[in-house]
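Any value given below was found using the heavy atoms of this structure, including those in side chains, with hydrogens, waters and symmetry copies removed. Since the model is a prediction, treat every value here as computed from it, not as a measurement.
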Amino acid sequence: MATAVITGGTDGIGRALATVYLERGHHVLVVGTNPAKGAAFRAEAHRHGAGDRAHFLAADLSLVAENHRLIDHVTTHHPAVDVLVLGARYHRSTRAETADGLEANFALFYLSRHLLSHGLLPRLRRAERPVVLNFGGAGLTGPVRWDDLQLRHDYPGTGALGHSGSLCDLLAAHLAATHPDVPQLVNHPGTVATSFAGEYDPATAAHVAHLRAHAKTPAQAVAQILPYLDAPPAPLTAVLEGHRVPTDTPAFDPAAALRLHTATEELLAAL
Ligand SMILES: NC(=O)c1ccc[n+]([C@@H]2O[C@H](COP(=O)([O-])OP(=O)(O)OC[C@H]3O[C@@H](n4cnc5c(N)ncnc54)[C@H](OP(=O)(O)O)[C@@H]3O)[C@@H](O)[C@H]2O)c1
């Protein structure tokens, strides 16, 4: 039986994707920090007769050790991973650091995705037609601050999300180049009415409320990406609101992707 692992699967687009895969008969493991949301996911699955296939792991994926715990958990409990969705995010208007001493947005939105996509490769390779979905910038969100990847100077508020999106574009580009047997999808869904998990200053909170009021639904966002998940057209595919966008652009530059990979491995080695 196929398995989908969905970080951020307890809410928003991730939760909508989890419902789709449960309906298709997959085992679905959702990951988030809030056990109540995990219990709600499992209870709803139970009501639809899919309780035995709905799984939840509480983990704070902004911490490096928690990503390794998730990788170990999946490796122990799931023989293969057919779909890996990297959708956890939590945005703060002001800069914060994790217990690892890393900028929190960088740690959750980018570093976690680096760790999970690499750490779960052996399980993805066991699937007949694996795919990884990473919510990134899809080429929209550059440039990368190479001299300040953790945004120590002039923290850009909401722009920190975009910066991580650009890092995720390069992560997917590097994975697609080095492991083309595991297709990578980068998706920018546009504005979607989700929980917008985070801690916002009043101005940003008002902006988020406005965005939410005028956004598409998570189900609409899922409908736009599902055809690509079902049949990834290339080792690297970038999708913006349902439309494929070019990947032969600076946002996916192989040399920049390798540079980021090397910098990330050096950072992890130094922790
Ligand atoms: N919504 C939009 O308009 C929009 C636009 C562009 C891109 N995207 C991207 O789409 C993806 C999904 O976004 P969304 O808006 O659907 O998400 P969301 O509703 O804000 O939900 C965020 C998810 O991340 C989980 N999460 C938060 N902190 C976590 C942590 N430290 N460790 C593990 N999980 C954590 C939350 O679970 P808990 O609450 O249980 O912790 C929740 O399931 C994200 O990558 C986002 O950047 C969204």
Worksheet item: Between Val131 and Pro232, what is the shortest heavy-atom contact and its length?
Response: CG2-CG, 3.7 Å
Worksheet, complete the sentence: Rounded to the nearest 0.5 Å, the OH atom of Tyr155 sits from the CG atom of Asn105 at a distance of 5.0 Å
Practice prompt. Mind running side chain to side chain contact (heavy atoms under 4.5 Å, CB included) on Phe106 and Leu151 for me, showing each step along the way?
Written response: CA-CA 8 Å; Phe106 171 90; Leu151 309 176; over 6 Å; no
Worksheet item: Can you tell me if Asn134 uses its side chain to pair, donor with acceptor, with the backbone of Val186 under 3.5 Å?
Response: no
Item to complete: Give a yes or no on whether Asp181 atom CG has more than 12 heavy-atom contacts from other residues, nucleotides or ligands under 6.0 Å away.
Response: yes
Worksheet item: Okay, side chain of Tyr228, backbone of Gly242: is any donor-acceptor separation there less than 3.5 Å?
Response: yes
Item to complete: Could you tell me whether the side chain of Arg92 and the main chain of Glu199 form a donor-acceptor pair under 3.5 Å?
Response: no
Worksheet item: Are His78 and His55 close enough that their ring centers fall under 6.0 Å?
Response: yes
Discussion item. Given 3.5 Å as the limit, does a donor-acceptor pair link the side chain of Arg15 with the main chain of Lys37, or not?
Written reply: no
Discussion item. Under 4.0 Å between a side-chain nitrogen and a carboxylate oxygen: does that hold for Asp230 and Arg24?
Written reply: yes
Fill in: Ring centroid separation His261 to His118 under 6.0 Å
yes
Worksheet item: Are side-chain N/O atoms of Asp60 and Thr33 paired as donor and acceptor at under 3.5 Å?
Response: no
Item to complete: Would you sort out whether Thr7 and Leu70 count as a side chain to side chain contact (heavy atoms under 4.5 Å, CB included), showing the intermediate values?
Response: CA-CA 10 Å; Thr7 72; Leu70 171 57; 4.3 Å; yes
Worksheet item: Counting distance only, does the side-chain N/O of Arg95 pair as donor-acceptor with the main-chain N or O of His153 below 3.5 Å?
Response: no
Worksheet item: Between atom OG of Ser164 and atom NE2 of His91, what is the distance when rounded to the nearest 0.5 Å?
Response: 9.5 Å
Discussion item. For the backbone of Gly162 and the side chain of Thr141, can you confirm whether one donor and one acceptor N or O come within less than 3.5 Å of each other?
Written reply: yes
Practice prompt. Search all heavy atoms of Leu170 against all heavy atoms of Ala256 and return the closest pair with its distance.
Written response: CD2-CB, 3.9 Å
Practice prompt. Return yes when atom NE2 of His73 has more than 12 non-hydrogen atoms of other residues, nucleotides or ligands closer than 6.0 Å, and no otherwise.
Written response: yes
Practice prompt. Examine distances only and state if a side-chain atom of Arg53 and a backbone atom of Ala45 form a donor-acceptor pair shorter than 3.5 Å.
Written response: no
Discussion item. I'd like to know if the side chain of Asn67 reaches the main chain of Leu116, judged simply by a donor and an acceptor atom lying under 3.5 Å from each other, with no hydrogens or angles considered.
Written reply: no
Discussion item. Please check this pair: side chain of Arg123 against backbone of Thr75, looking for a donor-acceptor N/O pair closer than 3.5 Å.
Written reply: yes
Item to complete: Examine distances only and state if a side-chain atom of His163 and a backbone atom of Gly159 form a donor-acceptor pair shorter than 3.5 Å.
Response: no
Practice prompt. Kindly indicate, with the supporting measurements, whether the criterion side chain to side chain contact (heavy atoms under 4.5 Å, CB included) is fulfilled by Val81 and Val74.
Written response: CA-CA 8 Å; Val81 174; Val74 172; 3.6 Å; yes
Discussion item. Walk me through whether Leu149 and Leu260 qualify under side chain to side chain contact (heavy atoms under 4.5 Å, CB included).
Written reply: CA-CA 9 Å; Leu149 288 177; Leu260 179 63; 4.1 Å; yes
Item to complete: Nearest 0.5 Å please: distance from the NZ atom of Lys216 over to the OG1 atom of Thr194.
Response: 12.0 Å
